[in-house]
Amino acid sequence: MPRIVLKVVLFFFLYSIQNTYAQTITSVIVDSATLKPIPYVTVQLKNKGVITNEEGRFTFQLNKSIQPTDSLFISCIGYASIAKPLQQFTEKQIALASKPIDLNPVIVTNKNYTPREIVELVEENILRNYNLDLAKKRVFLRETYSNQILKSDYKLKKSTIDAFDKTFIDNLISQIPKNNTVYNESLGDLYGGSDSDEQKLDLIKASELYDKSLELDFEVLEEKFNKIMKENVKTDSYFKIKSGLFGTKVDADEMFEKEVDSSDVAALNEKLEEEKKSKEDRKKFFAKYKRETMGNLYKNLPVFEDTDYNVLFKPGRYDLELEDFTYLGDAAVYVIRFTPKRSEDYKGKLYINSDDFALIRMDFENVKLLRDFSLLGVSLKEYLAKGKIIFSKGDDLKYHLSYYDINKGLQAGFRRPLKIIEKNKNVKGRRKQNELSLKVDAAFGNRNRYELVVFDETPISNAQYDAFTEKNDVLPTYMPNYNPEFWKGHDIIEPNQAIKTFTSIGEAEE
């Protein structure tokens with residue numbers, strides 16, 4: 001039996017027995033002429049949608065309500081849309097043909113707007129085209145953090161504790177990884193509107209993918225540090241930590257953890273309670289961080305007046321150029337390029353439906369440093385903010401966020417003196433006991449990426465919003481390498497090849 005026929009027979013068999021386990025359809029969408037993958041294509045099935053990743057790949061979860069005759073709809077700007085029953089998608093690739101642009105003279109005559117007029121019409125129709133009120137959104141967030149040490153120079157000026165010598169500090173620096181990448185993924189329901197401070201999050205599942213062997217081993221380091229401290233520092237001392245004119249005070253018992261006597265039941269119970277509280281605090285912090293990250297992305301949509309991408313509300317501050325007139329499916333779309341005239345931060349493109357004047361996609365990129373702070377040897381530069389925002393029309397005929405992707409680049413530097421001075425007020429004579437003095441010259445680079453996918457959005461009332469209470473009971477599951485089974489049964493954006501092939505060094509050596 002030919003392989004394609006076998007696939008079709010198997011597909012019908014799976015659904016004829018009404019398998020209760022979720023199945024998937026996975027494919028890559030390519031350009032029919034070049035066979036190159038097409039990123040950020042909208043794929044819809046029975047009013048649910050996903051977006052292809054930057055490699056053109058997507059995965060759709062199929063439950064028992066899906067039938068082989070149900071149609072899959074695929075649409076992308078500049079390409080002819082496809083609508084076929086699932087049973088006809090039997091190839092590993094789905095090819096889209098580019099759609100030739102035929103500028104209908106009637107359309108051109110009746111809609112001969114200037115770029116400024118088109119943008120103003122988008123702003124005028126925001127309330128009609130978008131739901132800006134409270135809603136419940138099923139969201140998936142993928143965060144990629146790539147960290148790099150650019151410089152780690154220092155000069156040891158003084159150390160009265162022999163163990164804290166250049167060898168010890170060199171060994172400490174050598175343990176810090178020069179490059180490290182962490183992938184965080186979270187799925188949940190986000191409740192709220194345009195105010196980032198009023199978001200609520202119901203976390204469903206989360207993961208973190210990174211190489212633990214590239215982490216600084218704080219337990220080993222703490223053990224060495226505690227041993228040196230106990231041999232050289234008085235327990236009733238305190239420390240002055242200074243960097244130039246700035247300083248703080250720390251007691252000796254805060255510098256290293258106290259040991260608990262295993263025979264002291266009360267002390268052991270107290271330590272267990274502290275560990276339990278610490279875990280609960282971690283859950284609250286994790287949920288709070290994810291809620292704020294998602295909320296901050298959502299509130300910065302270009303259809304909100306306080307957005308960083310203010311071209312819709314302040315078009316006079318930009319040079320606007322009608323670059324193209326293309327199609328998204330059967331909808332004619334204006335493509336308008338915007339560049340700042342003076343002090344605005346971003347340039348990019350707007351993709352605007354010519355029928356209802358809804359913004360359906362925005363590509364953006366900063367044109368200057370977004371932050372450039374330097375004071376007394378401390379510096380911070382935010383040099384990159386580049387991405388895209390895509391909206392899709394829902395069953396309510398309103399447009400909703402479907403995909404938000406932003407890459408951020410940061411560089412930080414620290415070039416300052418650093419002193420750690422032990423003092424003791426119970427010792428006769430001079431209070432100063434020990435001193436460690438350094439001159440530090442360090443620089444760090446971060447490239448962070450945030451991908452937010454909205455799979456479903458439902459308007460909710462104030463009463464429904466008020467009735468929901470966060471649980472804060474989810475912590476991310478650690479994975480040393482990519483596990484394709486972790487998100488089985490859930491809709492997410494397909495991981496790229498870098499994530500799929502990620503393997504921790506320790507795992508690879510086993």
Side-chain angles (χ1 to χ4, degrees), residues 25 29 38-61 72-79 81-83 96 122 126 129-133 135-143 185-194 199 293-304 307 309 312 327-331 333 348-353 356 358-364 387-407 449-459 487 490-496:
I25 178 172
I29 298 178
I38 307 174
Y40 316 118
V41 178
T42 299
V43 183
Q44 291 181 299
L45 176 65
K46 293 190 75 171
N47 301 320
K48 290 188 65 177
V50 297
I51 300 286
T52 63
N53 67 9
E54 64 264 39
E55 297 166 348
R57 298 185 179 279
F58 75 93
T59 295
F60 224 124
Q61 301 294 329
L72 198 67
F73 294 88
I74 300 173
S75 58
C76 183
I77 291 172
Y79 291 88
S81 298
I82 292 179
L96 294 186
V122 174
I126 283 177
N129 284 327
Y130 301 88
N131 175 35
L132 306 183
D133 297 325
K136 173 185 175 183
K137 300 173 280 289
R138 173 59 58 89
V139 292
F140 176 79
L141 175 67
R142 175 176 292 139
E143 301 161 274
E185 297 180 336
S186 306
L187 180 73
D189 291 323
L190 189 66
Y191 294 73
S194 60
Q199 303 293 326
T293 301
M294 294 176 184
N296 286 332
L297 290 173
Y298 190 80
K299 79 161 187 177
N300 210 23
L301 296 179
V303 295
F304 294 132
T307 178
Y309 323 119
L312 297 184
Y327 286 91
L328 175 59
D330 295 326
V333 176
K349 292 182 182 180
L350 306 172
Y351 297 79
I352 298 167
N353 190 313
D356 55 18
L359 176 67
I360 58 176
R361 173 170 167 172
M362 177 180 184
D363 298 345
F364 60 90
K388 59 184 56 61
I389 299 168
I390 300 174
F391 298 93
S392 299
K393 185 178 281 190
D395 293 338
D396 57 358
L397 302 182
K398 298 270 190 177
Y399 289 86
H400 306 270
L401 175 67
S402 60
Y403 182 66
Y404 193 141
D405 177 26
I406 183 169
N407 286 270
R449 183 180 184 184
Y450 305 86
E451 291 181 275
L452 182 68
V453 188
V454 182
F455 293 103
D456 190 28
E457 181 172 340
T458 306
W487 291 108
H490 296 286
D491 286 322
I492 65 170
I493 188 169
E494 185 74 3
N496 58 28

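This structure is a prediction, so every number in the text was calculated from the model and none was measured. Throughout, numbering of the chain's residues begins at 1 and tracks the sequence.
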K.L.:
Heavy atoms only: give me the nearest T52-P39 pair and the separation to one decimal.
P.N.:
OG1-C, 3.4 Å
K.L.:
Just wondering, do V43 and I29 contact through their side chains at under 4.5 Å, heavy atoms?
P.N.:
yes
K.L.:
Do W487 and E185 touch side chain to side chain, with heavy atoms closer than 4.5 Å?
P.N.:
yes
K.L.:
Any heavy-atom pair between the side chains of V139 and Y298 that's under 4.5 Å?
P.N.:
no
K.L.:
Rounded at 0.5 Å granularity, tell me how far CZ in R57 sits from CD1 in I493.
P.N.:
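Result: 13.0 Å between the selected atoms.
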K.L.:
Just how far is it from atom CG of L401 to atom CG of L452, taken to the nearest 0.5 Å?
P.N.:
6.0 Å
K.L.:
Indicate yes or no: at least one non-hydrogen side-chain atom of I492 is less than 4.5 angstrom from one of V453.
P.N.:
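No - every pair of side-chain heavy atoms lies 4.5 Å or more apart.
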K.L.:
Are N129 and N353 packed together at the side-chain level, in the sense that at least one heavy-atom pair is separated by less than 4.5 angstrom?
P.N.:
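Contact flag for N129/N353 side chains = no.
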K.L.:
Sequence neighbours left out, what passes salt bridge (Lys or Arg N to Asp or Glu O under 4.0 Å) with D356? Give chain and number order.
P.N.:
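Listed in chain order: K393.
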K.L.:
Listed by chain and number, what are the side-chain hydrogen bond (donor to acceptor under 3.5 Å, both in side chains) partners of K299, not counting sequence neighbours?
P.N.:
none
K.L.:
How far apart are the closest heavy atoms of P302 and L312, and which atoms are they?
P.N.:
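Smallest interatomic distance, heavy atoms only, reads O-CD1, 3.4 Å.
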K.L.:
Less than 4.5 Å apart, any side-chain heavy atom of S402 and any of I51?
P.N.:
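Side-chain contact under 4.5 Å: yes.
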K.L.:
The criterion is side chain to side chain contact (heavy atoms under 4.5 Å, CB included); which residues satisfy it with S186, sequence neighbours excluded?
P.N.:
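Checked S186 against side chain to side chain contact (heavy atoms under 4.5 Å, CB included); matches are L203, A206, F286, K290, M294.
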K.L.:
Can you tell me how far apart OH (Y450) and CD (E143) are? Round to the nearest 0.5 Å.
P.N.:
6.5 Å
K.L.:
Output all residues satisfying side-chain hydrogen bond (donor to acceptor under 3.5 Å, both in side chains) with R361, sequence neighbours left out; order by chain, then residue number.
P.N.:
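Per chain and number, R361 pairs via side-chain hydrogen bond (donor to acceptor under 3.5 Å, both in side chains) with D363.
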K.L.:
What's the spacing between I390 CD1 and S392 OG if we round to 0.5 Å?
P.N.:
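I390 CD1 to S392 OG: 7.5 Å, rounded to 0.5 Å.
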K.L.:
Under the side chain to side chain contact (heavy atoms under 4.5 Å, CB included) rule, collect the residues that match up with A135, sequence neighbours excluded.
P.N.:
N131, K137, E457
K.L.:
Give me the atom names and distance for the closest heavy-atom approach of D491 to F455.
P.N.:
O-CE1, 3.1 Å
K.L.:
Restricting to salt bridge (Lys or Arg N to Asp or Glu O under 4.0 Å), what partner residues turn up for R138, sequence neighbours left out?
P.N.:
D189
K.L.:
Listed by chain and number, what are the side chain to side chain contact (heavy atoms under 4.5 Å, CB included) partners of Q199, not counting sequence neighbours?
P.N.:
L190, R291
K.L.:
Are the side chains of Y40 and D405 in touch, meaning some heavy atoms are under 4.5 Å apart?
P.N.:
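In short, these two side chains touch, coming nearer than 4.5 Å.
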K.L.:
In chain order, what residues pass the side-chain hydrogen bond (donor to acceptor under 3.5 Å, both in side chains) check against Y309, with sequence neighbours excluded?
P.N.:
Y404
K.L.:
Could you check if a side-chain atom of V303 sits within less than 4.5 angstrom of a side-chain atom of Y399, using non-hydrogen atoms only?
P.N.:
no
K.L.:
Please check: side-chain N/O of N53 versus main-chain N/O of P495, any donor-acceptor pairing under 3.5 Å?
P.N.:
yes
K.L.:
Of the non-hydrogen atoms in G394 and H400, which two are nearest, and what is the gap between them?
P.N.:
N-CD2, 3.9 Å
K.L.:
I'd like to check the side-chain hydrogen bond (donor to acceptor under 3.5 Å, both in side chains) partners of Y351; sequence neighbours left out, ordered by chain and number.
P.N.:
none
K.L.:
Begin from the C-alpha positions of I389 and F364 and carry the test side-chain contact (heavy atoms from CB on, under 4.5 Å) through to its verdict.
P.N.:
CA-CA 9 Å; I389 299 168; F364 60 90; 4.0 Å; yes
K.L.:
Please name the pair of heavy atoms, one in L301 and one in T307, separated by the smallest distance, quoted to 0.1 Å.
P.N.:
O-CB, 3.2 Å
K.L.:
Among all residues two or more places apart in sequence or in another chain, which pass the ring-ring contact (aromatic ring centres under 6.0 Å, His included) test with F58?
P.N.:
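F58 satisfies ring-ring contact (aromatic ring centres under 6.0 Å, His included) with no residue once adjacent residues are dropped.
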K.L.:
Please report the shortest heavy-atom distance between T458 and D456, naming the atom on each side.
P.N.:
OG1-OD2, 4.0 Å
K.L.:
Can you name the side chain to side chain contact (heavy atoms under 4.5 Å, CB included) partners of S75, sequence neighbours left out?
P.N.:
T42, S81, L328
K.L.:
Nearest 0.5 Å, please: how far is CD1 in I352 from CE in M362?
P.N.:
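Taking CE in M362 and CD1 in I352, the distance rounds to 10.0 Å.
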